[in-house]
Amino acid sequence: MSEFLTKSRARNIFYGGSLFFIGIFAVLSIDSHLYVVNESTAKAPLTDEVVLGKHVWEKHSCINCHTLHGEGAYFAPEVGNVMTRWGVLDDPDDAAETLGSWMESQPSGIEGRRQMPYFKLTEEEVRGLSEFLRWADKTNTQDWPPNDAG
Amino acid sequence: MKYSSQKVAYAYFVAALGLFAIQVLVGLIGGWIYVSPNFLSELLPFNIVRMLHTNALVVWLLLGFFGAAYFIIPEESEREIHSVKLAYIQLLILVVGTLGAVVSYIFGIHEGREFLEQPLWVKVGILVAALIFLFNISMTVLKGRKTAITNILVIGLWALSLLWLFAFYNPANLSLDKMYWWYVVHLWVEGTWELVMASILGFLMLKLTGVDREVIEKWLYIIVATALFSGILGTGHHYYWIGLPGYWQWIGSIFSTLEVIPFFLMMTFSFVMVWKGRKNHPNKAALLWSLGSATVAFFGAGVWGFLHTLHGVNFYSHGTQITAAHGHLAFFGAYVALNLAVFTYAMPMLKGRNPYNQVINMGSFWLMTGGMSFMTFVLTFAGTIQTHMQRVVGEDFMTVQDQLTVFYIMRFGAGAAVVLGAILFIYSVLVPRKELFTETSGSKPVTGSNPEAQAVLEGGR
Ligand code: HEM
Ligand SMILES: [Fe+2]
């Protein structure tokens with residue numbers, strides 16, 4: 001190997017190959033971006049409520065306890081399919097109401113059980129959050145998670 | 001130490017060690033919350049604890065890289081750093097930003113994407129600091145001797161700084177948000193940071209083993225080539241279930257499997273260099289950390305990464321304690337241990353003293369490495385049970401978690417060992433003074449007094 005593969009050859013392979021893979025990655029990224037916009041998330045419209053909900057989700061850093069589509073912290077349940085689990089996926093009013101009373105009942109204060117903080121949310125914020133979670137639940141995630149337990 | 005401007009590294013390393021202490025202490029609190037969930041639940045909820053733990057980690061690793069670059073580049077380029085003042089300004093910005101972030105997290109002020117929670121002004125501060133840094137090292141490198149070590153280091157640092165720009169892009173569409181989020185997270189740890197790691201490891205091997213530079217540099221180019229050839233498309237292993245096209249399942253599985261190669265090569269490289277090397281460098285602790293880093297990185301990133309990277313496996317294990325197990329050992333082996341190797345190597349020179357307590361330092365290596373390994377094992381067991389009960393059987397998340405308590409207790413114990421190791425490490429590099437050495441060795445203060453000591457001060461012989 002040492003005869004053929006000199007240092008400068010190795011360097012050139014590194015440069016050329018990296019550019020090649022960056023190029024492929026860029027093309028696939030564009031394709032994926034379009035796929036998200038036109039296909040996997042196209043089933044549910046990205047309304048102002050959904051956008052507000054994403055903002056609420058971020059403001060309270062829910063991701064640092066829960067997972068969403070399997071990403072985040074592993075301290076609390078998956079919420080990418082919580083609307084399915086609660087059986088309210090296609091009923092916006094019921095969804096907001098169920099989520100609202102869940103949020104109100106936290107923290108449970110039960111000894112020895114993981115605690116979720118109380119977040120002071122307005123009615124619009126709760127509605128946004130439930131719309132955001134319904135929207136996420138409708139994303140085509142290649143059939144993940146395997147079951148409703150999330 | 002050959003160049004006086006290398007001294008700036010000292011300030012970076014001290015700041016990094018301070019954050020390292022915060023990171024592991026807060027981590028221990030998080031571990032305790034898993035055991036006793038009502039602990040601090042109103043004052044400091046788990047999400048804030050975790051944010052502090054992960055952010056402190058990433059920032060101190062970056063501070064360590066910056067410091068390492070300021071230490072290595074003068075020696076490689078054979079000239080002083082372009083501007084020492086800029087280097088200190090950069091550090092000041094980073095420290096103010098970090099402290100600002102810590103305080104604002106405690107008061108519940110943060111953005112909301114995992115690892116990117118820094119308030120906007122802190123993100124901008126990081127960007128400004130990175131630009132100052134890039135300017136400063138690029139000027140130094142351009143005017144000096146060019147080596148493969150500096151070349152790869154500078155490419156890695158430029159690329160990771162450019163990727164930071166994606167931290168500012170947060171689309172309203174969650175799936176797009178996630179897709180670009182991984183540009184920062186995955187393309188850092190499984191791309192650009194590997195370049196930084198390889199070059200630092202190369203530098204340490206050069207100094208510690210005395211193997212020919214030509215040999216080391218050829219290895220380096222092969223290592224970083226395999227890192228990027230696999231790691232870029234390997235991003236696909238995060239694109240399976242977040243709303244992206246199905247073809248990522250094949251691309252991600254194949255290329256992320258190949259990601260094991262650069263980690264295997266870095267481990268092989270380190271051991272081969274030590275076997276080939278004629279030099280018997282007195283800084284044994286630095287060698288231990290270097291070899292340890294390459295080895296644990298292979299297991300944490302390579303083996304534990306491969307464990308759940310095939311899409312058929314990941315379908316079940318995604319987002320469970322298996323992920324947590326891997327994340328911990330990969331970060332520790334590849335980046336924590338590597339930074340501690342650099343600190344161990346450079347600190348004696350930066351402080352102008354000799355043996356810093358090698359026994360305590362090496363003890364801290366075994367405590368931390370043992371603790372992290374044990375933590376990884378118990379989390380892997382917990383994750384295996386979780387995957388089966390929750391993902392296969394379909395039992396409710398909280399019900400399953402309640403049955404994993406015994407593993408979380410053991411994880412807490414492992415974490416306590418790591419914290420103890422970290423404290424010993426910090427003590428061993430910062431506190432013992434040269435008088436100590438003088439006493440035990442029975443010779444006069446080090447400088448020029450004894451060839452061993454002199455060799456350490458000069459970074460080799
Ligand atoms: C030093 C290098 C690496 C570090 C620091 C690292 C760290 C991490 C971290 C922190 C996560 C969790 C991210 C989150 O919060 O969602 C993660 C996820 C993951 N890593 Fe790595 N990793 C490294 C290398 C690798 C390698 C080489 C592989 C494959 C061979 C790999 C495979 C994975 C996979 C498949 C996931 C997703 C797990 C899931 O689906 O939940 N990693 N990594
Ligand atoms: Fe990854």
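So you know, we letter chains A, B, ... as the sequences are listed, proteins then strands, and number each from 1.
The minimum heavy-atom distance between Gln118(B) and Asn55(B), with the atom names listed, is NE2-OD1, 2.9 Å. Nearest heavy-atom pair, Val56(A) versus Leu129(A), reported as atom, atom and distance to 0.1 Å: CG1-CD2, 4.1 Å.
Within the 4.5 angstrom heavy-atom criterion, no atom of Leu379(B) approaches chain A. Interface residue Pro117(A): only side-chain heavy atoms are found under 4.5 Å from chain B. Residue Ile155(B) touches chain A through its side chain alone, counting heavy-atom pairs closer than 4.5 Å. Neither the backbone nor the side chain of Val215(B) comes within contact range of chain A; no heavy atoms are under 4.5 Å apart. For a residue to count as touching a neighbouring chain, one of its non-hydrogen atoms must lie under 4.5 Å from one of that chain's; by this rule Glu217(B) touches chain A with backbone and side chain alike. For Glu42(B), the part lying near chain A is the side chain, with the backbone staying farther off; criterion is any non-hydrogen pair under 4.5 Å. For Leu40(B), no part lies near chain A; criterion is any non-hydrogen pair under 4.5 Å. Of the two parts of Tyr408(B), only the side chain, counted from C-beta on, holds a non-hydrogen atom closer than 4.5 Å to a non-hydrogen atom of chain A. Interface residue Leu46(A): only side-chain heavy atoms are found under 4.5 Å from chain B. With a 4.5 Å cut-off on non-hydrogen atoms, Phe255(B) touches chain A through its side chain but not through its backbone. No part of Asp148(A) comes within reach of chain B, as not one of its non-hydrogen atoms sits under 4.5 angstrom from that chain. Contacts of Ser18(A) with chain B are made by both backbone and side-chain atoms, with heavy-atom separations under 4.5 Å. Contacts between Ser32(A) and chain B at a heavy-atom distance below 4.5 Å involve backbone atoms as well as side-chain atoms. With a threshold of 4.5 angstrom between heavy atoms, Ser29(A) approaches chain B through its backbone and through its side chain. Heavy-atom distances place the backbone of His60(A), and not its side chain, under 4.5 Å from chain B.
A salt bridge links Glu111(B) with Lys123(B): the closest approach of a Lys/Arg side-chain nitrogen to an acidic carboxylate oxygen falls below 4.0 angstrom. Under the 4.0 Å criterion applied to side-chain N and carboxylate O atoms, Lys138(A) and Asp90(A) are assigned as salt-bridge partners. We find that Arg127(A) and Glu124(A) are not joined by a salt bridge, their nearest charged nitrogen and carboxylate oxygen being 4.0 Å or further apart.
Heavy-atom pairs under 4.5 Å with chain A peak, among Gly231(B), Pro37(B), Gly246(B), at Pro37(B). The greatest number of non-hydrogen atom pairs below 4.5 Å with chain A, out of Val400(B), Ile152(B), Asp396(B), Thr235(B), is found for Thr235(B). Ranked by heavy-atom pairs under 4.5 Å with chain B, the list Pro107(A), Gly72(A), Ala136(A), Ala149(A) is led by Gly72(A). Comparing Thr226(B), Ile242(B), Leu228(B), Leu244(B) by how many heavy-atom pairs each has under 4.5 Å with chain A, the most go to Leu244(B). Contact count against chain A (heavy-atom pairs under 4.5 Å) is highest for Lys178(B) among Lys178(B), Gln249(B), Arg113(B), Gln386(B). For the set Phe20(A), Tyr35(A), Trp135(A), the count of heavy-atom pairs under 4.5 angstrom toward chain B peaks at Tyr35(A). Contact tally against chain A (heavy-atom pairs below 4.5 Å) for Asp177(B), Ile251(B), Ile33(B): the top residue is Asp177(B). Listed options Glu117(B), Gln401(B), Glu395(B) were ranked by heavy-atom pairs under 4.5 angstrom with chain A; first place goes to Gln401(B).
Taking the six-membered ring where the residue is Trp, His238(B) and His186(B) present perpendicular rings, their angle passing 60° and hence far from 30°. Between Phe115(B) and Trp181(B), the ring planes lie parallel to each other; the angle is under 30°, not in the 30° to 60° tilted range. The aromatic rings of Trp102(A) and Trp86(A) are tilted relative to each other, their planes meeting at an angle between 30° and 60°. The aromatic rings of Trp57(A) and Phe132(A) sit tilted relative to each other, their planes meeting at an angle between 30° and 60°. The aromatic rings of His311(B) and Tyr240(B) stand perpendicular to each other, their planes meeting at an angle above 60°, with 30° marking the opposite boundary. The aromatic rings of His326(B) and His308(B) sit perpendicular, their planes meeting at an angle over 60°, well past the 30° parallel limit.
Between the CG atom in Leu52(B) and the CG atom in Asn47(B) there is a gap of 10.0 Å [rounded to 0.5 Å]. With rounding to the nearest 0.5 Å, the separation of CG in Asn64(A) from NE2 in His66(A) is 11.0 Å.
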